[in-house]
Amino acid sequence: MRERGSSSRRWPGRKIVPDRRPPAVLLLSSRTTLPTLGAGLARNGIRLQRVEAVVPSPVPPANIARQLERFGPFDTVAVTSKAAVEAFVRPWLRDVGVRPASVEFWAVGNETERALRTAGVARVRRANGEGAEPVRRALAGRRRRIVLPRSDRAGPRFGRELAAHGHAVLDLRVYRIRPGPRLDADAQRSARAARVVVAASPSAISHFRRMVGPGTFRHLIRSARWVVLGPRTAKAARGHGLREVGVAPSASVQRFTPYLLGVLAHATD
């Protein structure tokens with residue numbers, strides 16, 4: 001794209017002077033997704049508006065306890081989200097007291113790994129690569145008894161793939177996904193000014209569309225660049241009418257922030 005002589009564009013690692021309209025970046029996510037992103041953008045002169053489009057609601061502990069009792073002893077827990085750490089891992093660790101050394105914890109993503117360590121899991125295993133597929137490959141080999149805590153919207157595919165490879169799997173729904181409240185007029189005006197929209201999940205997009213209504217959503221499809229976390233979210237975005245969607249190379253804030261600054265630099269041309 002041609003640069004204008006008076007352009008205020010800067011590339012990652014240097015300060016970006018955004019458009020005067022706040023905010024420059026709109027993040028559609030849960031409250032705990034990418035918690036340090038705002039600080040990283042602020043150091044580059046970029047403001048972030050987070051829309052809490054995804055609100056986790058824990059399943060009653062008694063329901064989870066009954067399913068665990070029926071499943072019996074397990075040796076592996078595969079965790080795909082920070083919300084699953086809060087809804088399942090923390091309460092389980094509290095109930096059992098000391099974590100049994102025979103239980104392995106596998107994390108999908110940097111954010112989940114960090115949440116597990118913060119919750120008190122000293123040894124967390126990670127597979128090379130992003131998403132659940134590298135974890136499935138890493139668990140190939142000996143048969144395991146795996147607990148897979150997830151949301152009601154995540155779907156059973158990961159658990160079915162693990163079971164197809166001979167593992168005994170408890171596909172455990174530990175929290176439900178609820179949409180946030182509808183945005184008021186001021187929040188909608190602020191959202192409409194975004195140059196880049198970041199969507200953390202398919203649910204975040206669908207919930208946000210309901211929270212703002214068709215007018216604001218269509219405006220942002222036309223006026224903003226969209227960035228998503230993961231191929232599933234990219235597929236969902238295209239289903240909502242987005243033709244061009246950037247897929248972030250990683251959900252790690254350290255890698256995601258420079259990528260986002262590069263997208264934003266182009267968006268300000």
Do you know which two heavy atoms are closest between Glu111 and Leu34, and how far apart they sit? OE1-N, 4.1 Å
In short, Ala115 meets Val85 closest at the heavy-atom pair O-CG1, 3.7 Å
same_hphob_cluster(Val147, Val108) at 4.5 Å side-chain heavy-atom cutoff: no
Check the side chains of Ser30 and Thr33 for a donor-acceptor pair under 3.5 angstrom, ignoring hydrogens and angles. yes
Under a plain distance cut-off of 3.5 Å, with no hydrogens placed, do Arg126 and Asn110 share a side-chain donor-acceptor pair? yes
Using the rule that Ile, Leu, Val, Met, Phe, Trp and Tyr join whenever any side-chain heavy atoms are under 4.5 Å apart, tell me whether Val89 and Ile146 fall into a single cluster. no
Pairwise side-chain contact, Thr233 with Val247, heavy-atom cut-off 4.5 Å (strictly under): no
Find out whether Leu37 and Thr257 are in side-chain contact, i.e. whether some heavy atom of one side chain is under 4.5 Å from a heavy atom of the other. yes
Arg150 side chain vs Thr80 backbone, donor-acceptor pair below 3.5 Å: no
Does a side-chain heavy-atom distance below 4.5 Å link Val79 with Leu116? yes
For atom CZ of Arg232, is the number of surrounding heavy atoms from other residues, nucleotides or ligands below 6.0 Å larger than 12? no
Side chain to side chain contact (heavy atoms under 4.5 Å, CB included) assessment of Leu148 paired with Leu172: CA-CA 6 Å; Leu148 179 59; Leu172 188 62; over 6 Å; no
Hey, does Arg157 have a side-chain heavy atom less than 4.5 Å from the side chain of Asp171? no
Donor-acceptor under 3.5 Å (Ser223 side chain, His219 main chain): yes
Might you point out which heavy atoms bring Ala127 and Val135 nearest each other, and give the distance in Å? CB-N, 3.7 Å
Compare every heavy atom of Arg117 with every heavy atom of Val124, then report the nearest pair and how far apart it is. O-NH2, 3.5 Å
Salt bridge Arg144-Glu104, side-chain N to carboxylate O under 4.0 Å: yes
Distance-only, no hydrogens or angles: does the Asn44 side chain make a donor-acceptor pair with backbone N or O of Ile46 under 3.5 Å? no
Side chain to side chain, Val196 and Trp226, heavy atoms closer than 4.5 Å: no
Do Arg176 and Ser151 pair up side chain to side chain, a donor and an acceptor below 3.5 Å, judged on atom types alone? no
Can you check whether Thr32's main-chain N or O pairs, donor with acceptor, with Lys82's side chain at less than 3.5 Å? yes
Quick one, Arg145 with His167, criterion side chain to side chain donor-acceptor pair (under 3.5 Å). Give me CA distance, side-chain angles, the key distance, then yes/no. CA-CA 6 Å; Arg145 293 185 60 80; His167 302 297; over 6 Å; no
In terms of heavy-atom contacts, does CZ of Arg142 have more than 12 from other residues, nucleotides or ligands at under 6.0 Å? yes
For the rings on Trp106 and Phe158, is their centre-to-centre separation under 6.0 Å? no
Sequence neighbours excluded and cut-off under 3.5 Å, please list the side-chain donor-acceptor pairs for residues 54-73, or say none.
from, atom 1, to, atom 2, distance (Å)
Asn63, OD1, Arg66, NH2, 2.5

I'd like to know whether Val103 forms a side chain to side chain contact (heavy atoms under 4.5 Å, CB included) with Thr76, so could you lay out the CA-CA distance, the side-chain angles of the two residues, the decisive distance to 0.1 Å, and finally the verdict. CA-CA 5 Å; Val103 178; Thr76 305; over 6 Å; no
Provide the closest heavy-atom pair for Ser29 versus Ala200 in the form atom of the first, atom of the second, distance. CB-CB, 3.8 Å
Side-chain donor/acceptor of Gln188 to backbone N/O of Val212, under 3.5 Å: yes
Which pair of non-hydrogen atoms, one from Pro202 and one from Ala236, has the smallest distance, and what is that distance? CB-CB, 3.7 Å
Is Leu28 close to Val198 at the side-chain level, that is, under 4.5 Å between some pair of heavy atoms? no
Criterion side chain to side chain contact (heavy atoms under 4.5 Å, CB included) on Arg209 and His240, from CA distance to verdict: CA-CA 9 Å; Arg209 185 172 187 170; His240 284 280; 3.0 Å; yes
Pair Ile177-Asp152, side chain to side chain contact (heavy atoms under 4.5 Å, CB included): steps then yes or no: CA-CA 7 Å; Ile177 295 296; Asp152 62 336; 3.9 Å; yes
Can you classify the ring geometry of Trp92 versus Phe74 as parallel (below 30°), tilted (30 to 60°) or perpendicular (above 60°)? tilted
Same cluster (ILVMFWY, side-chain, under 4.5 Å), Val169 and Val77: no
Output yes when a side-chain donor or acceptor of Ser206 lies under 3.5 Å from a complementary backbone atom of Ser203, and no otherwise. yes
Counting neighbours of CZ on Arg143 that are heavy atoms of other residues, nucleotides or ligands and sit closer than 6.0 Å, is the number greater than 12? no
Flag if over 12 foreign heavy atoms under 6.0 Å of CZ, Arg50: yes
